Amino acid sequence: MVYTKTGDKGETSLVGGTRVKKNDLRVECYGTIDELNAQVGVVAEWTRPISDKHYLSLKEIQNRLFVIQTLLATEDKALYAKMPQLPADTTSSLEKAIDAIVDELPRNNAFIIPGGNMAGAQCHVARTVCRRAERLLVGLKEHVEVEENICRYINRLSDYLFVLSRLMVIADGKEENFWSAK
């Protein structure tokens with residue numbers, strides 16, 4: 001069944017059954033990660049015709065984001081321990097991917113305006129959602145324990161999406177849009 005009617009009064013259940021308001025900060029965090037995951041899915045589809053390698057990386061990222069969503073939705077520590085976890089090297093793997101992309105890019109010292117092509121523009125949309133997710137995570141950490149690995153990964157993911165946007169524009173033979181103070 002798609003609908004349960006249990007959320008009709010503005011509440012939802014965390015993993016484990018605890019009922020909370022739908023605007024609870026924890027729900028905002030994993031909901032924003034869900035939105036990010038959907039945006040990364042769009043990026044993946046725009047990227048597929050340009051690079052199979054990066055398409056597959058984005059699909060892996062989506063799986064990691066789903067793990068993060070699940071962990072953020074789990075309040076019970078015993079249940080949390082049984083959930084799929086982020087591998088310890090998740091952030092360092094993302095850093096290696098960032099470094100590999102940067103090695104392919106021309107040097108740049110200017111601010112980039114989102115656009116260039118649809119893949120590049122969509123990377124920027126996902127990047128901004130990622131930054132919002134990070135801000136919400138910082139707020140959530142003031143109230144509940146959030147693994148540092150999750151925070152590091154989300155922080156690095158926005159960097160990955162930024163460099164991927166540049167690569168997708170350049171690989172497609174398009175021009176990057178640079179900010180001008182004029």
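Since the model is a prediction, treat every value here as computed from it, not as a measurement.
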**Request:** Find out whether L137 and Y30 are in side-chain contact, i.e. whether some heavy atom of one side chain is under 4.5 Å from a heavy atom of the other.
**Result:** no

**Request:** Determine yes or no for a side-chain-to-main-chain donor-acceptor pair under 3.5 angstrom, with Q85 supplying the side chain and M83 the backbone.
**Result:** yes

**Pairing residues for A44 by the side-chain contact (heavy atoms from CB on, under 4.5 Å) criterion, not counting sequence neighbours** = Y55, L58, K59

**Prompt:** Does any N or O in the side chain of D172 come within less than 3.5 Å of the main-chain N or O of K174, such that one atom is a donor and the other an acceptor?
**Reply:** no

**Request:** Flag the pair R26 / H143 as yes when at least one side-chain heavy-atom distance between them is below 4.5 Å, and no otherwise.
**Result:** no

**Item:** Approximate separation, where rounding is to 0.5 Å, of N155 CG and E148 CD
**Value:** 10.5 Å

**Complete:** Closest non-hydrogen contact found for M168 with N117 is O-ND2, 3.1 Å

**Prompt:** Going by atom types only, do H54 and T47 share a side-chain donor-acceptor pair under 3.5 Å?
**Reply:** no

Under 3.5 Å, which donor-acceptor pairs do the side chains of residues 93-107 form with other protein atoms, sequence neighbours left out?
unit_1	atom_1	unit_2	atom_2	d
S93	OG	D89	O	3.1
E95	OE2	R156	NE	2.8
E95	OE2	R156	NH2	3.0

**Asked** What are the two closest heavy atoms between V43 and A126, and how far apart are they?
**Response** CG2-CB, 4.0 Å

**Prompt:** What distance separates L140 CG from I150 CD1, expressed to the nearest 0.5 Å?
**Reply:** 9.5 Å

**Item:** Spacing of CZ belonging to R135 relative to SG belonging to C130, to within rounding of 0.5 Å
**Value:** 10.0 Å

**Prompt:** Is there a donor-acceptor contact under 3.5 Å linking the side chains of E147 and Y80?
**Reply:** yes

**Message:** Could you check whether any side-chain heavy atom of D159 comes within less than 4.5 Å of a side-chain heavy atom of R127, counting everything from C-beta outward?
**Reply:** no

**Asked** Can you name the residues that form a side-chain contact (heavy atoms from CB on, under 4.5 Å) with N63, not counting sequence neighbours?
**Response** none

**Request:** Drop me the distance from R131's CZ to L36's CG, to the nearest 0.5 angstrom.
**Result:** 11.5 Å

**Request:** Answer yes if L25 and V129 sit in the same cluster of Ile, Leu, Val, Met, Phe, Trp and Tyr residues linked by side chain heavy atoms under 4.5 Å apart, and no otherwise.
**Result:** yes

**Asked** Stepwise, does the side chain to side chain contact (heavy atoms under 4.5 Å, CB included) test hold for E176 with I170?
**Response** CA-CA 7 Å; E176 292 183 276; I170 292 166; 3.5 Å; yes

**Prompt:** Does V138 belong to the same Ile/Leu/Val/Met/Phe/Trp/Tyr cluster as V144, with side-chain heavy atoms less than 4.5 Å apart forming each link?
**Reply:** no

**Prompt:** Looking only at heavy atoms, what is the nearest atom pair of A119 and I50, with distance?
**Reply:** CB-CD1, 4.0 Å

**Request:** Find the distance between CD (Q39) and SG (C123) and round it off to the nearest 0.5 Å.
**Result:** 10.5 Å

**Request:** Verify the distance criterion only: is there a donor paired with an acceptor across the side chains of E28 and N23 at less than 3.5 Å?
**Result:** no

**Request:** Locate the shortest heavy-atom distance separating C151 from V146; write the atom from each residue and the value.
**Result:** SG-CG1, 3.9 Å

**Request:** Look at the side chain of T90 and the backbone N and O of L86, then say whether any donor-acceptor pair between them is shorter than 3.5 Å.
**Result:** no

**Fill in**
Here the pair of heavy atoms bringing G120 nearest to S165 is O-CB, 3.5 Å

**Request:** Using a strict 4.0 Å threshold on nitrogen-to-oxygen distance, state whether E145 and K77 make a salt bridge.
**Result:** yes

**Complete:** One should read off an interatomic distance between W46 CH2 and M118 CE, to the nearest 0.5 angstrom, of 4.5 Å

**Request:** Check whether I33 and L136 end up in the same hydrophobic cluster, where Ile, Leu, Val, Met, Phe, Trp and Tyr are linked by side-chain heavy atoms less than 4.5 Å apart.
**Result:** yes

**Minimal non-hydrogen separation, P84 against V67, with atom names** = O-CG1, 3.4 Å

**Prompt:** Can V15 be reached from L72 by stepping across I, L, V, M, F, W or Y side chains whose heavy atoms are under 4.5 Å apart?
**Reply:** yes

**Request:** Answer yes or no: are there more than 12 heavy-atom neighbours, outside F178 itself, under 6.0 Å from its atom CZ?
**Result:** yes

**Asked** Is the backbone of L65 close enough, under 3.5 Å, to the side chain of N37 for a donor and an acceptor to pair up by distance?
**Response** no

**Request:** Look at the side-chain heavy atoms of Ile, Leu, Val, Met, Phe, Trp and Tyr, link any pair under 4.5 Å apart, and say whether Y160 and I112 land in one connected group.
**Result:** yes

